[in-house]
Amino acid sequence: MTDTVRTLPIRLAPLPAEALDSWLEALATRMSTPFANVLTAVGLSASAYGLPRWAMMLGTGEAEQIAAATGTDAEQIISMTLQRWDGQALVIDPVRRIGRPQTLWSGPRGSRYCPACLVESGSRWPAAWRLTWSFACTRHHVLLADRCPECDRSPRSRCHQLAGVPRPGLCPAPVPRTASRDRWCHHSYAATTVLPIEPDGPLERAQQFMDALLHTSAPDTSMPLYGETAPSVFQLLSDVKALASMVLNYSIRRDFSPWCPPEVANRLDNYRATPVPRSQRRSQRADRHSTYAPTDAAAIAVGVTAAMRILQAGDVRGVGDAARWLTDRVAASGRAPYPASYTHWGGGLSPALTVALRCSREHHLLPLARLRHRTPTGVVKPPCDTTTRAKAMPVGLWPAWALRLTPYTPGGLPTKARAAELLSVACLMVGSRTSITAAIRALGGTVIAHAVSDLLATLTSRSDCTGVLRVLTLLADHLDDHGSPIDYARRRAVFGSRSTFIDARQWQTLQKRLRSNSACSPLHAQRWLFHTLTGTPPHLANPAIATATGPQRAQYQRFCWRILPAEHQLLQQTAQQLLVKEGIDEPLTWTPELPGNSFDGLALPGPDPDSLMPEQLHQLVPRGDFSIAQLAKRLGTTTAHARYLLAQHPVDWSPPRYCQTQATTERVIQWKTWYEEAGLSMDVIADRAQVSRAAVRIALSKHGVAIRRSGGRPAYDHRLPEILHRRQELRQSFSRISADISLSATTIRNMLDRHKTQPAEEADTAVRRAGRPGLLVLPGRVIR
């Protein structure tokens with residue numbers, strides 16, 4: 001094709017960033033030849049009506065033809081059309097070679113212009129003036145002109161007159177026939193009056209940002225809104241278009257008057273009062289500027305500047321705050337701005353801006369919608385797979401998080417029954433489009449969907465619960481990012497229908513060793529194992545062990561916080577053995593942990609589970625029976641927190657007679673050897689083990705040891721020498737001896753009666769022969 005094109009006799013280099021049709025017109029003017037001859041010489045065709053298609057995008061081989069005829073590089077010729085911005089600042093239909101306004105504003109039909117720039121360049125037009133995003137001249141600090149002031153036509157909206165020689169700087173638009181023989185406007189563009197703007201003001205800074213996007217090979221599009229990944233130019237301009245169309249359709253003058261010059265605001269008001277052109281009425285719906293680009297530079301200037309002020313306001317939360325006035329305007333107009341209409345505004349918003357706009361309406365949204373769209377945190381993520389997260393979650397929220405997120409009444413009761421299960425469902429709803437009923441079914445729960453919505457409404461209405469939705473969202477994000485070491489779905493399938501987890505005899509034997517009253521039902525142990533293994537509350541267990549009534553649930557709750565350390569250890573060992581038996585290599589329990597700074601400034605209804613150390617708990621728990629309310633008061637916390645601490649860190653609350661038995665369970669084998677084989681008395685064993693004689697006796701009895709009769713080894717015979725000394729030498733009465741050595745008078749009298757045949761001198765000799773106090777050697781036997 002290039003072999004048939006002749007080289008032009010005169011060559012003229014194009015100016016930087018000049019439009020192709022402007023350069024060809026300059027060539028025709030230089031050669032004083034009609035414009036049609038130049039187009040024919042370079043292999044192009046044109047119609048006298050409409051903008052030539054080659055001004056938008058060159059066809060196959062056309063760039064090479066022009067390069068061969070003019071001696072200009074083909075790549076430079078392509079850059080002189082709007083093709084260089086295809087897919088960034090506009091979208092061009094490659095077949096029809098026209099812009100697609102529905103995807104991104106394709107620009108006006110003609111070209112805007114700066115009169116001063118045309119004078120300086122000799123009436124040469126930059127290609128960027130054809131783009132919607134060019135609305136101001138940053139060199140001369142003016143808004144670009146949109147039309148010829150004489151004929152009211154948009155410049156360069158059609159091909160230059162083919163039969164005549166182009167006249168640079170004059171309007172070539174045809175005019176209706178008049179008495180004059182002149183058929184063309186020929187008004188000087190240099191005489192056009194334009195509006196000035198503030199140098200380095202908001203409008204000019206917005207244009208400078210757009211120029212950097214359009215004329216830089218690698219523009220900097222990084223903004224806090226988009227995080228670490230900078231958006232493409234196309235995505236950024238799509239967001240600008242969405243916000244600008246909202247501004248032009250719904251804003252009022254006082255929204256932008258603080259930073260917009262009055263002259264520009266007046267021109268915008270006049271433009272918005274102009275009826276929609278007939279050619280656009282069929283495609284326009286509620287939003288006039290959502291599809292077609294505004295034809296006035298003042299409208300584009302205000303819309304783009306307002307959009308950039310919002311997008312540059314900071315992160316997702318900052319942009320949401322900056323856009324709140326705009327979404328409030330949309331809502332006040334009667335149109336629902338959330339969430340489906342966003343795509344209509346811009347044709348394709350970025351996920352970051354979508355979340356930011358949703359955050360701007362956060363306080364007007366239902367709590368469930370806030371969880372679905374992650375507005376509490378503004379984290380930009382696609383919706384997660386509900387089924388996948390359900391595998392990593394228990395039916396009832398982890399105890400530590402349930403304690404911290406559950407709201408309570410002033411009396412210390414949860415505001416909603418089964419709050420842990422409701423919170424778990426709410427966490428599963430984060431970022432999900434599934435229904436509440438489907439989420440409950442995925443977890444295996446039985447709560448009512450309305451109860452979940454009711455709890456969320458309660459959380460958003462209380463001042464001490466404003467941070468709960470944020471924490472639920474953070475927990476969901478943590479599970480999505482890191483997963484869980486426990487597959488709760490598998491555990492529910494393996495252990496969910498079981499009714500027996502521990503042998504009842506084994507549990508009852510332990511109860512006899514540890515408690516004075518071992519009437520505690522083994523069903524509670526079965527329920528504890530079911531609850532710990534599956535993360536499911538006991539009322540959902542097998543009917544044989546389920547807590548079906550209110551009193552049963554209360555008894556099980558009491559069992560959990562009244563559990564003794566040895567009982568807790570046995571249950572944990574049993575649960576681990578069950579996991580090993582089923583081939584499950586997982587920790588017994590697990591709780592997700594969030595960074596400490598995640599809770600800065602958040603109001604949560606419950607206390608921090610780790611605010612009290614186990615050592616503090618162990619020191620303050622009284623022996624024997626006690627009130628959980630009194631313990632909570634001594635700890636300075638809530639009753640729910642006290643129950644949680646006792647369930648997680650069991651303490652020995654046994655009365656004094658049994659307080660040592662749990663610590664001595666492991667040592668009772670040695671005591672049995674001493675007692676049966678070595679023949680030591682319980683007093684000697686108690687001295688060696690540093691425990692009470694009662695603890696030794698109870699431990700030996702519960703391990704099947706036959707206790708010897710106390711007649712042969714009286715309990716206090718080791719104190720007989722002291723008693724004889726006080727009775728015979730000090731001549732003390734029984735009452736006086738009783739007061740001095742803390743024994744009853746009856747016990748002293750009985751001891752003396754058993755040894756009444758022994759004279760005092762013989763007793764003294766026996767003490768000296770023993771060589772140590774507390775040991776009395778009498779003829780024929782040794783009394784300890």
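Along the sequence shown, residues are numbered consecutively beginning with 1. The structure displayed is predicted, hence computed values, not measured ones.
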Interatomic distance, [X] atom [atom1] to [Y] atom [atom2] [nearest 0.5 angstrom]:
X	Y	atom1	atom2	result
Thr132	Met210	OG1	CE	10.5 Å
Trp133	Asp211	CH2	CG	13.0 Å
Thr72	Leu27	OG1	CG	8.0 Å
Thr60	Gln65	OG1	CD	10.5 Å
Leu12	Met31	CG	CE	9.0 Å
Arg329	Ser251	CZ	OG	8.5 Å

Which atom of [X] lies closest to which atom of [Y], heavy atoms considered:
X	Y	value
Met56	Leu90	CE-CD1, 4.0 Å
Arg112	Ser134	NH1-O, 3.0 Å
Asp269	Arg253	OD2-NH1, 3.0 Å
Pro376	Thr473	CG-OG1, 3.8 Å
Tyr113	Pro149	OH-CD, 3.9 Å
Ala306	Val247	CB-CG2, 3.8 Å

Counting distance only, does the side-chain N/O of [X] pair as donor-acceptor with the main-chain N or O of [Y] below 3.5 Å?
X	Y	value
Ser333	Val330	yes
Thr138	Glu204	no
Gln207	Ala136	yes
Asp86	Leu82	no
Asp146	Ala297	yes
Asp321	Gly318	no
Tyr189	Pro168	no
Trp54	Thr81	no
Gln235	Ser232	no
Arg324	Val319	no

Testing the 3.5 Å rule here: is there a donor-acceptor pair between the side chains of [X] and [Y]?
X	Y	value
Ser22	Glu18	yes
Tyr226	Asp239	yes
Ser360	Thr327	yes

query: Would you call the rings of Trp85 and His215 parallel, tilted or perpendicular, where under 30° means parallel and over 60° means perpendicular?
result: perpendicular
Do [X] and [Y] touch side chain to side chain, with heavy atoms closer than 4.5 Å?
X	Y	answer
Thr305	Arg309	yes
Arg205	Asp200	yes
Leu326	Asp255	no

- request: Take Phe209 and Val240 through the side-chain contact (heavy atoms from CB on, under 4.5 Å) test and state the conclusion after the steps.
  value: CA-CA 12 Å; Phe209 184 86; Val240 172; over 6 Å; no
task: Give a yes or no on this: more than 12 heavy atoms of other residues, nucleotides or ligands lie within 6.0 Å of atom CZ of Arg96.
output: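 Open.
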Chi angles and distances behind the salt bridge (charged side-chain N to carboxylate O under 4.0 Å, His left out) call for Arg53, Glu62: CA-CA 12 Å; Arg53 294 189 297 176; Glu62 289 181 341; over 6 Å; no
